[in-house]
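Okay, so here's the structure we're looking at.
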Amino acid sequence: MAISFELTDNSRCARDFYRKMAVEQMRPIARRYDVEEHALPTEWVDYYWEHGRKGPPTDFSTPADGMVQVCIQVEELCWGDAALYLRMPTASLGGAAVGSAGTFKGDGPPIWGAMAITEPGAGSDTAAIQTTADFDGDEWVLNGTKIFCTNGEGASQFEGGFVVVWATVDKSAGRGGIKSFVVPAKTPGMKLVGLEKKLGIRASDTATLLFENCRVPADHLLGSAKVRKKDPSKTGDKGFKGAMATFDASRPIVAAMAIGIGRASLDLCRDELEKQGIRIRYDAPRCDLTVIERDFIDMEAELQAARLLTWRAAWMMNHGKPNNLEASMSKAKAGLAVTKITQKVVELLGPIGYSQKLLAEKWMRDAKVNDIYEGTQQINQLIVARRVLDYSSSMLR
Amino acid sequence: MAISFELTDNSRCARDFYRKMAVEQMRPIARRYDVEEHALPTEWVDYYWEHGRKGPPTDFSTPADGMVQVCIQVEELCWGDAALYLRMPTASLGGAAVGSAGTFKGDGPPIWGAMAITEPGAGSDTAAIQTTADFDGDEWVLNGTKIFCTNGEGASQFEGGFVVVWATVDKSAGRGGIKSFVVPAKTPGMKLVGLEKKLGIRASDTATLLFENCRVPADHLLGSAKVRKKDPSKTGDKGFKGAMATFDASRPIVAAMAIGIGRASLDLCRDELEKQGIRIRYDAPRCDLTVIERDFIDMEAELQAARLLTWRAAWMMNHGKPNNLEASMSKAKAGLAVTKITQKVVELLGPIGYSQKLLAEKWMRDAKVNDIYEGTQQINQLIVARRVLDYSSSMLR
Amino acid sequence: MIEFEPTEEQQLIVDTVRQFAANEIRPQAHDAAESRKLPENVLAQAHELGLVALGLDEAHGGGGDRSAVTGVLIAEELAYGDLAIALAILSPSLTGLPVTEFGTDPQKAEILPALVGPSFCAGSLALIEPDFRFDPFRPTTRAALDGGDYTLRGHKCFVPWLDSGDHVLVIAMEDDDPQAFLVPRNTKGLAATPERNLGLDALPTVEIELDDVRVPASARLGGDAGCDVHSIIDRGRIALAATAVGVSRAAFEIARDYAKEREAFGAPIATKQAIAFKIADMAIEIDAARLLVWEAAWLLDSGAKATREAVLASRQAAQVALVVTDGAVQVLGGYGYIRDYLPEMLHRNACGYTNFETLTLI
Amino acid sequence: MIEFEPTEEQQLIVDTVRQFAANEIRPQAHDAAESRKLPENVLAQAHELGLVALGLDEAHGGGGDRSAVTGVLIAEELAYGDLAIALAILSPSLTGLPVTEFGTDPQKAEILPALVGPSFCAGSLALIEPDFRFDPFRPTTRAALDGGDYTLRGHKCFVPWLDSGDHVLVIAMEDDDPQAFLVPRNTKGLAATPERNLGLDALPTVEIELDDVRVPASARLGGDAGCDVHSIIDRGRIALAATAVGVSRAAFEIARDYAKEREAFGAPIATKQAIAFKIADMAIEIDAARLLVWEAAWLLDSGAKATREAVLASRQAAQVALVVTDGAVQVLGGYGYIRDYLPEMLHRNACGYTNFETLTLI
């Protein structure tokens, strides 16, 4: 092995494939589905399902970048439009949950996946989940309310959808009692009760789901039903730990999403500057630099720093290395960096940055979600802090 | 009353008086006593005692700015040199303690005052003080070690010096048991055991003092000897509350010190820029601004913001308004702003900023102390947070 | 003498406006933004309070109180209610104040009576141009004398355009100086297109094209003497900075209250230092920005040029508004991203402060 | 393929240097700074490790490994021990590497053998000038052909000047191009004055005046072909960025360990979010800066021009070093201000990164 930043041919091919899709399929309709909040972007859904989802031809006889390649793909699609990316017919984050935590294989490929974790009373505090799962006969019975379910409309209402619901099988066991359950779309007792109106990613549906005596078969529990009362996160239990491993896999992907939006902003900014004859001088003496030049250079550095942290976290997965620390680092860095970048581009572009004529203002709105979901900025800092200080969650709250 | 930022004639007169002193008496020897660490700046001490301390003639028949005027005076002197300011023959912070907390008047004016609060095991955590004061016969007997005593050498060793020592008369009472005691210089049992070598303010002595069965008369306790076991900070008790009131008075002064250093840095930076023909354009369009211009404008704004917060906290004292929140705000803001300003000036001035040929590098070193003493940045943020959230110290630690 | 307390009269005004903002403006803020429609009743009520009239020429029915300090006190409180509604309420000042300060007698007689009349009448100012290189002191819009008329050519944006107004004050370069021109909205060659922006949803604004718009020489503000556009911009920047403080204060209070209310891991999130310190920093920065605004306004009142102070105050307040509203979104977490809660709107509004330049005056 | 792991050989070097930095360099850091004196034994030991020789021309006794990635791995580890001592240890590369890359055969024969000889021999580079307008790509120091000789005129600062060296590589403008000249230290007209700076106390540096310094035409690095000063500066910036990562890592570890050790209000201060999050941010930013440095070095190794990447990495690493060392001072509180503890020195050293430009090479 040797330190290298050279993409494999496979990755390049994937990058070009998804970039073309972003330019041709996503950008032209990005503004429309931002304005028409909650409308299903049918042309995109159809295109993706028929032509997009298989991806470019991959030559498995040559080296591949694995999870890094996934990050590159996500970056390209979110460079196109993060909201449309989230509105793809795919297992998405739900799929990552199924893949990393469990044993369940549905009937045929699941196409609309959603994770139902957050509750009105429990944001990042996943241990405080109130939704219950009771075993009755040979079925699990779910009761509770879930909010902020990305793709929750598709996953709960459309043919082929499924929702991964986090629920406790034993409240007295705390985290140890939390398990996840696969609930196929249209299962009786699962109701879509609302769609959020959001700051950004408006083409992506964010649902509130109600579970009232919602029954699923016993094998729809992911992993083992066994409840570990003590220190569940240290055991081989697939419940809470499985859920957390999901985050280790999904955080670099969310970071890559942020990076795609950030790069879109920077690219637009560079284009607009160049239209007015302004080129960034990398070799100008410091005392001559304009504010625009310095801000731009700093934004480039921040974005690339976030990208490299993300690729590292993804690369560790390729090699089976535990990446809890590095995944949170990448998410924390990317979320914050891209929030700042997209805000700064709105500022640098002046009145046209603030106008809806360009997409800069939309990207600022879209980007902000990356500081919030999959663990807020603060939660990711907390995880990093615990790791580098070698503190348990009880030592550092 | 009406909102006004006009200095009184008295304040202007004081400002000009101390500025002249700063230019003529302090600046010429500032570098020398930075290099000759721990040397007593005799010419400055003598000058100040004979000519400086009485200040300019004040016309008491016309309006005065009170504590704001004190802040202005401190700013001018620290614009001259913060280390020499701290090495003045004056009650200084010790005097503020005597003035705000107590009833004790020494024999004649105390000329070298020092506060002995911090202990090796208790930094900002003043309630954890281990130094004891036991009543024996009609005297208090002090035992313990105090570190970081500004002016501790003069106050403990020179004729006319006195040290205000914080000690507990009843460990079981926690904060309620903490009282302060005036220990005149050369009192047997008080020993100067070391002087710190510091990042900056090197002309100011920072002493470690050892108290071994050090006896002072009963009336050297400031305020009441009564120990309130419950909630001492809410009572009229002069012990811990007196100590805290000291901070409310001294924090704006420490903020003013920081502001003096920050202004010195900015003035030097402006002069050096102008020597090369660079003038700050306040009316340039944003897209034309150079990095130097924007950084300079932001530094000016930060410095003025800190100054106004400081003057407000001082003005509240003039009117007898409780200013615990505002004093901590001013300290937190000034400490951080001036740390950043002095660092940035070192950067903007390039190689000459980093060289000891100019004082910019010294001011960066001097300024940093303002983020640390009289409560670190973090402690002041904590106080502000408790106040704005209306939380007790047990709710927010 | 250094003093940090308003006069009794000012305090009375502040108390009144604060109540009005809390009871009348704030409850309408969300719906006004979502429907992109100003609450007409609030504008009418605000008009009755006479906040704008206060600063207009006494001879034409105004209050004659030109104090910029009073102005920033009012602007902060209104914007604390809602920025878009505040800018609408204050919009008559966009034409009213420059006319009061620089206008000829006929200009005053033409413009002012409507503004202090029985019902609300909006004003408008066309300064900003849709280009990131825009220089407020050297707009690219040009005014040239042609015969006895001025011809205006150029492109403006962020122009407030409420139903009730009839004039817009256009800033244009005349030779080498910026000057202001009173242009009736319906003048031939003036085309207005409604804008959609990142924020300020409830405030109707337009881009305008000035395609050889002809106005008589008498439309030049101040007549032969002209006007001092620098002073208009300084006042505008200070006024906007005051609204930025108001927006920040609104965001701060929402974040503070939420943090005390919301529990996670068994305690209010405000008991966590990461949240508590963020809130402390907000409080410090808001107070600091307010004091810079007050000082700049006081300097205006003392008759001095305040370009530098206006720049310092407005840059600082813009930055504070951005950070504080972003922080409020962050404190609310998922709810911060939802339009049912106010922080995201406050944040979108705050993102514009670096561009707004002069959307209100004091 | 994207990979984040050094080769086995590189890892072996890293492990060796890391141990050397921890066991030999770090224990001397404080006293070296206070006494302003390099620990000669450490330089000798480091010389025996052959870290600089590794990158020099094989034909003249070097290792011929020109990998910039290896270089940044070494530079980070050495600087983790101490920056001033690291720069001293690496100083032979200041002349050795440009001569290896661009030098004529006679130049290599003249310069390199001493650098790979039995005892440590320092190199030196005179690039920076004492002016905040300094442009490394267009220094004001000038070189002009006069008869068969070059005449150099100008003013340089931050020039490493260890006892053992004999040449200094001077960067000067020749017509419109920057070029490098090998100047013996004792050349007439070259006056060196020891400097005192904010930091780097243990590293002897000088300001030099070049007052019509005459050197033969053969002193021009690369002879008629000359050299590429841009490439030298790019390498220098990347190398310095690597040392900034090392300094930051040192400060981070000291702060982390202190925060876990020090108790206040009954618990380690690291259990407070304000401290813990600061430490988390340090960890994130240090890793981020390191990866930018690795990428820029990798780009150099791939033969590409890396000006942009060198600027990104060095700006970012300089900023991180400033913030992290300042944070370490802050975490240590009062002790952070005392010279008995290392953070204040790390902070003083880190404050120079925006100016150092090229105090080392890889």
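Values below: all heavy atoms of this structure, side chains included; hydrogens, waters and symmetry mates excluded. Every chain is numbered from 1 and lettered A, B, ... according to where its sequence line falls, protein lines coming before strand lines.
- Residue D:Glu261 places its CD atom among 12 or fewer non-hydrogen atoms of other residues, nucleotides or ligands, all under 6.0 Å distant.
- Of the residues considered (B:Gln377, B:Gln276, B:Glu196), B:Gln276 shows the highest number of contacts with chain D, using heavy-atom pairs under 4.5 Å.
- Counted by atom type alone, D:Thr140 and D:Glu129 present one or more donor-acceptor pairs between their side chains at under 3.5 Å.
- For chain D, the nearby parts of B:Glu347 are the backbone and the side chain; heavy atoms of each come within less than 4.5 Å.
- Listed options D:Glu207, D:Lys278, D:Glu195 were ranked by heavy-atom pairs under 4.5 angstrom with chain B; first place goes to D:Glu207.
- Between D:Tyr335 and D:Tyr341, the ring planes lie tilted relative to each other; the angle falls in the 30° to 60° range.
- Using a 4.5 Å cut-off between heavy atoms, D:Cys157 contacts chain B through its side chain alone, with no backbone atom that close.
- There is no side-chain donor-acceptor pair under 3.5 Å between B:Gln378 and D:Lys272.
- The part of B:Ile147 that comes within reach of chain D is its side chain, from C-beta onward, which places non-hydrogen atoms under 4.5 angstrom from that chain.
- Between the side chain of B:Glu153 and the main chain of B:Leu195, no donor-acceptor pair closer than 3.5 Å is present.
- Note on D:Asp131, D:Val329, D:Asp326, D:Leu200: by heavy-atom pairs under 4.5 Å with chain B, the leading option is D:Asp326.
- In this structure, a donor-acceptor pair under 3.5 Å is present between the side chains of B:Glu119 and B:Thr131.
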* Decide salt bridge (charged side-chain N to carboxylate O under 4.0 Å, His left out) for B:Asp366 and B:Lys362; before the verdict, give the C-alpha distance in whole Å, the side-chain angles of both, and the deciding distance to 0.1 Å. => CA-CA 6 Å; B:Asp366 290 350; B:Lys362 176 181 186 296; 2.6 Å; yes

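- Contacts of B:Tyr354 with chain D are made by both backbone and side-chain atoms, with heavy-atom separations under 4.5 Å.
- Heavy atoms closer than 4.5 Å to chain B are found in both the backbone and the side chain of D:Ile338.
- No part of D:Leu332 comes within reach of chain B, as not one of its non-hydrogen atoms sits under 4.5 angstrom from that chain.
- Only the side chain of D:Arg133 comes within contact range of chain B, judged by heavy atoms closer than 4.5 Å.
- Contacts of B:Leu348 with chain D are made by backbone atoms alone, with heavy-atom separations under 4.5 Å and no side-chain atom involved.
- A donor-acceptor contact shorter than 3.5 Å links the side chain of B:Lys146 to the backbone of B:Ile117.
- No part of B:Thr206 comes within reach of chain D, as not one of its non-hydrogen atoms sits under 4.5 angstrom from that chain.
- Using a 4.5 Å cut-off between heavy atoms, D:Tyr337 contacts chain B through both its backbone and its side chain.
- Heavy-atom neighbours of B:Lys344 NZ from other residues, nucleotides or ligands within 6.0 Å: above the threshold of 12.
- Interface remark: D:Glu34 contributes side-chain atoms only to the contact with chain B (heavy atom separation under 4.5 Å).
- Using a distance-only test at 3.5 Å, with no hydrogens or angles considered, a donor-acceptor pair links the side chain of B:Lys198 to the main chain of B:Ile201.
- Residue D:Asn355 touches chain B through its side chain alone, counting heavy-atom pairs closer than 4.5 Å.
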